[in-house]
Asks: 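First the structure, then my questions, so here it is.
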Amino acid sequence: MDKEIKFWLLDLNWGTLDRQRCMFLWGIDDRGRRVLLLDEQFEPSLYLVLAGDVQLEPIAGQLKRLATEHELGADISVEEKRQLGRRVQAVRVRYSDNSKAERFAADALRLKGVKSVHELDLRPSTLYLLDTQATPCRWHRVKVSETDGSAGYAVPSTYLVRGEFRPEGDLSPPPLRLLAFHAIYKPSKGSPDPKKDPVAVLSVKTEGSARSFVLDGSDDSGILNGFVTLVRREDPDVVVGFRSNSRDWLHLVSRADALDLGLNVSRAMTKPHPSVHGHFSITGRLAIDLADLADDMPELETKTLEALAEYLGSAPKEGFIPLEEVTMSRYWETEQGIGDLRRASEQRAQAAYDVCSEALDYLLELSSLTKLPADHVLAAPVGFRVDSYLMLKAKRSGEVVPPREERPYYTYAGGLVMAPIPGMHELVAVVDFRSMYPNIMISFNVSPETMVRTSRPSEEVNISPEGGYRFFKEPRGFFPSALIELIEERQRIEAQLKSARSGPEKRVLMAREKAVKVISNAVYGYTGWLGARWYSKGVAESTTAWGRSLITKASNLAEELGLKVVYGDTDSLFISYDADNVRKLLTDIGQELKFEARVDKVYERVIFTEAKKRYAGITSDGAVDIVGLEAVRSDWSEVARRTQREVLNDLLSGRGLEAARADLDKMIDDIRSGRVPLQDFVIWKVMSRPLSKYKVRAPHVEAARVLEEKGWTIKPGDRVGYLVVRATRNKPHVMPYQLASAEDIDVEYYVNEQVLPACTRVIEAAKIKG
DNA sequence: GCATTGTATGTACCC
DNA sequence: ACGGGTACATACAATGCG
């Protein structure tokens with residue numbers, strides 16, 4: 001019996017049912033039941049774009065025969081499509097076996113008249129989302145029939161899809177069941193190794209419960225079994241961890257495999273498996289790694305769960321129990337220590353749970369906007385999110401999706417950075433262009449298919465200020481259209497936000513607005529990315545050329561008004577403030593350049609050295625911004641950073657040079673008298689490659705080598721902390737901080753090469769009156 | 001043989 | 001595995017110096 005259900009799409013995968021390939025759609029109905037829809041109607045398809053002069057009938061016949069030869073079935077059709085805006089004839093070929101389709105396409109390309117193959121590089125689940133109205137994290141109505149084919153799946157009901165997905169308007173997601181976990185492995189040096197290090201503590205937090213499993217002896221099979229049982233019982237929609245993709249799943253799955261347990265926690269009773277973008281998938285659930293979220297947040301200084309939780313106000317009131325390598329081995333020695341470990345782990349499971357609840361709306365909106373499944377969208381690099389969004393737009397207008405291609409690397413000029421006027425400046429306005437690159441692409445219709453190399457009457461084209469690229473003014477191009485849609489979506493959201501009543505509704509709207517902004521800001525960078533399906537060096541190059549031209553013109557307009565331009569970078573100008581004239585400048589920019597600029601902030605005082613991209617300023621509310629200087633660089637010692645911060649506060653708040661010098665001198669005295677703790681001297685650097693790939697003996701590399709010798713595992717992405725120590729015979733100048741003690745520290749190095757240069761630079765600059 | 005100089009390497013930052 | 005522009009420390013090789 002057919003019936004219609006309301007369905008919210010959580011996850012999907014291309015699977016096998018009764019030896020038939022079939023789309024599995026996991027979700028929730030409007031009564032809150034977890035359901036599985038099976039769509040047997042769907043077949044992936046590829047497109048062959050034909051040459052313009054080819055005779056349709058013969059080539060279609062040839063392709064039909066070829067398809068039969070390759071056992072694809074003869075289901076092919078000729079369709080009118082678009083390729084970069086131009087009308088083309090294309091042959092659509094449906095298939096169920098990807099490798100047969102690949103062999104067919106290779107042969108088809110040898111036929112005269114077949115120009116290119118499209119969409120064969122898209123996975124079936126991607127094609128499904130692009131070809132149907134089904135959207136992840138959205139409600140739909142869909143006609144289904146009951147089936148008993150649900151044996152072996154952990155859902156109460158399974159249906160066969162009988163019709164098309166029809167989108168429903170309501171934005172709010174159903175209540176999702178979250179399960180957060182945190183694991184600690186038996187103490188080891190450096191990154192944990194699944195072969196040696198059993199799971200020591202595993203904490204799980206769900207809405208109603210918190211549980212921990214602690215290692216008893218050396219066998220962690222009890223922990224793993226307990227975890228599997230718990231996940232199945234709680235049946236979460238979202239399973240969330242921190243560094244779970246790069247660490248925990250790998251570790252937990254291989255531990256379970258080694259013990260022949262099988263970590264079968266998915267709704268298809270399978271174990272977590274590696275998927276695209278280094279992500280681990282749990283069929284029927286969303287596996288979320290909050291580290292992906294943290295890595296995307298430049299405002300987080302350290303990409304840790306603790307920092308993320310602090311930032312979002314989800315940290316425990318009493319503070320986190322520390323869990324560094326050094327403290328870990330100590331904990332393990334006593335009964336009380338093990339209790340601490342357990343509580344530390346529970347704190348983190350709780351924090352992950354809270355952070356995920358906080359971030360969930362954003363994640364779901366980003367997923368529905370780009371149509372990347374919610375568990376992939378955070379793991380996917382920004383370029384792939386844009387790619388996915390653009391594929392969606394392309395498909396809507398009948399475009400075939402271009403293949404991802406190998407291309408030569410090519411650099412081009414980027415934003416303009418002006419040399420600052422060094423010194424201390426009073427009252428400086430920061431004027432910036434709003435969404436400069438997106439607006440350039442819209443205003444000048446910058447897009448791969450609007451770009452022309454042929455000579456055209458100049459009134460029909462926009463010509464880039466450098467490089468001589470020409471873009472048709474009409475019709476509107478692919479990128480500009482996509483960007484305008486994003487802007488319109490943002491305006492709709494803002495209008496809705498004005499009338500939104502409830503908290504949840506507001507939250508969802510704000511999350512969507514953020515998602516829209518993230519995608520529009522990423523479009524320019526995408527166009528210059530070699531991996532982009534719609535890569536276009538002309539587009540990227542022209543966009544920045546217009547940017548340089550705009551900022552230069554705006555700077556000239558400012559000077560014409562008698563304003564002093566102190567500094568500028570890409571889309572911003574620092575201008576000696578004069579309220580009337582700055583207002584006038586904004587008007588002039590609007591009228592003469594046809595672009596919108598605004599005053600972002602006004603600094604009461606701002607200090608520039610001779611260096612670009614480095615300054616510090618104070619606003620009237622007393623807030624101090626430090627940009628680019630040592631104080632905000634994670635690869636300087638804390639002692640140097642803190643001292644520079646104090647000195648800058650003195651200089652900017654008007655306490656003057658004397659106060660700054662006094663603070664500096666005091667700190668130097670403290671250092672020499674041993675009043676500064678060891679950890680403030682540690683210099684941290686991230687390993688960018690395996691140890692063997694380094695060409696020079698850089699300090700952090702030397703330190704890492706020592707660690708490795710002592711049994712640590714050092715991998716790319718690991719942070720290595722080292723100290724500069726007094727050189728003695730047979731001893732290197734640097735030491736991993738774990739192996740050094742306070743007496744070893746070369747205090748004169750820290751005075752002369754860290755604290756003094758960082759502080760002297762800004763003090764000297766502040767002496768100059770701007 | 002050693003100090004000076006120039007260039008390469010490596011990291012982290014800004015927009 | 002989105003872009004280019006930039007500073008800065010350190011290593012290392014080349015250069016110069018009777």
Side-chain angles (χ1 to χ4, degrees), chain A residues 276-278 295-296 298-299 301-303 379-390 404 406-407 409-420 430 432-437 441 518-537 539-545 547-548 551 567-574 600 608-615 625-637 640-641 683-689 693-702 704 716-717 719-720 722 724 733-734 749 752-754 757-758 761:
Chain A
V276 284
H277 313 306
D295 291 340
D296 261 9
E299 57 272 44
E301 230 184 77
T302 53
K303 311 292 182 185
V382 187
F384 288 94
R385 299 181 197 168
V386 177
D387 224 22
S388 185
Y389 180 76
L390 292 175
R404 186 160 281 138
E406 292 272 327
R407 4 178 115 82
Y409 180 63
Y410 168 88
T411 56
Y412 60 93
L416 179 75
V417 189
M418 300 162 72
V430 183
D432 67 4
F433 285 97
R434 297 191 89 144
S435 309
M436 187 197 234
Y437 287 158
M441 297 177 89
V518 163
I519 297 299
S520 30
N521 288 341
V523 170
Y524 148 71
Y526 170 88
T527 68
W529 172 46
L530 291 180
R533 291 178 186 276
W534 281 274
Y535 169 83
S536 167
K537 66 172 184 177
V539 164
E541 214 174 358
S542 307
T543 304
T544 57
R548 292 191 297 276
I551 203 73
Y567 176 62
D569 185 352
T570 311
D571 60 354
S572 69
L573 290 174
F574 289 58
D600 181 40
F608 281 98
T609 67
E610 298 207 332
K612 297 171 175 180
K613 297 191 182 278
R614 295 175 161 225
Y615 57 88
D625 285 342
I626 302 177
V627 180
L629 290 162
E630 287 78 2
V632 296
R633 289 186 61 98
S634 57
D635 57 349
W636 280 70
S637 62
R641 305 175 57 183
I683 298 169
W684 291 94
K685 289 227 161 76
V686 172
M687 304 302 296
S688 63
R689 60 195 79 175
K693 294 275 169 66
Y694 282 94
K695 292 182 190 163
V696 294
R697 301 161 69 88
H700 69 295
V701 179
E702 289 303 288
R719 265 162 65 87
V720 171
Y722 67 87
V724 176
H733 292 270
V734 296
Y749 168 84
N752 294 319
E753 310 297 333
Q754 289 265 321
R761 264 196 274 277

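Residue numbering restarts at 1 for every chain, and letters A, B, ... go by the order of the sequence lines.
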Asks: For nucleotides 8-10 of chain B, which of its nitrogen or oxygen atoms have a protein nitrogen or oxygen under 3.5 Å away, and what is each distance?
Replies:
residue	atom	partner	partner atom	Å
B:dG10	OP1	A:K695	N	2.9
B:dG10	OP2	A:R689	NH1	2.8

Asks: Under 30°, 30 to 60°, or over 60°: which ring-plane class applies to A:F608 and A:F574, parallel, tilted or perpendicular?
Replies: perpendicular

Asks: So do A:S572 and A:Y567 actually touch side chain to side chain, heavy atoms under 4.5 Å?
Replies: no

Asks: For the residue pair A:Y524 and A:T544, establish whether any side-chain heavy-atom pair is separated by less than 4.5 Å.
Replies: yes

Asks: In whole Å, I'd like the distance from the NZ atom of A:K613 to the C1' atom of B:dT11.
Replies: 16 Å

Asks: With a 4.0 Å cut-off on heavy atoms, is A:Y615 in touch with a base, just the backbone sugar-phosphate, or nothing at all?
Replies: sugar-phosphate

Asks: Is it the case that A:R641 places NZ or CZ above or below the six-membered ring of A:W636, under 6.0 angstrom from the centre and within 45 degrees of the axis?
Replies: no

Asks: Expressed as a whole number of angstroms, how long is the span from A:F574:CZ to B:dC15:P?
Replies: 6 Å

Asks: A:D625 CG to B:dC13 P: how many Å, rounded?
Replies: 16 Å

Asks: What's the CD-P distance between A:E630 and B:dT11, to the nearest Å?
Replies: 18 Å

Asks: What distance separates A:Y526 OH from A:F384 CZ, expressed to the nearest 0.5 Å?
Replies: 9.5 Å

Asks: Output yes when A:K612 and A:D569 qualify as a salt bridge under the 4.0 Å nitrogen-oxygen rule, no when they do not.
Replies: no

Asks: Could you give me the CA-CA distance, side-chain angles and deciding distance for A:L390 and A:R533, then say whether side chain to side chain contact (heavy atoms under 4.5 Å, CB included) is met?
Replies: CA-CA 9 Å; A:L390 292 175; A:R533 291 178 186 276; over 6 Å; no

Asks: Do A:K537 and A:R407 have side-chain heavy atoms sitting under 4.5 Å apart?
Replies: no

Asks: For a 4.5 angstrom cut-off between non-hydrogen side-chain atoms, does A:L573 reach A:I551?
Replies: yes

Asks: Would you mind reading off the distance between A:F608 atom CZ and B:dC14 atom P, rounded to a whole angstrom?
Replies: 13 Å

Asks: Strictly below 4.0 Å, heavy-atom distances to any atom of DNA chain C: list the hits from residues 521-530 of chain A, or just say none.
Replies: A:A522, A:G525, A:Y526, A:G528, A:W529

Asks: For A:V734, is there any backbone N or O sitting under 3.5 Å from a side-chain donor or acceptor partner on A:E702?
Replies: no

Asks: For A:S536, does its backbone N or O pair with a side-chain atom of A:T527 as donor and acceptor, under 3.5 Å?
Replies: no

Asks: Output the rounded distance in Å from CG (A:D295) to C1' (B:dA12).
Replies: 15 Å

Asks: Between which nucleotides of DNA chain C, 5' to 3', does chain A make heavy-atom contacts below 4.0 Å?
Replies: C:dA1 to C:dC12

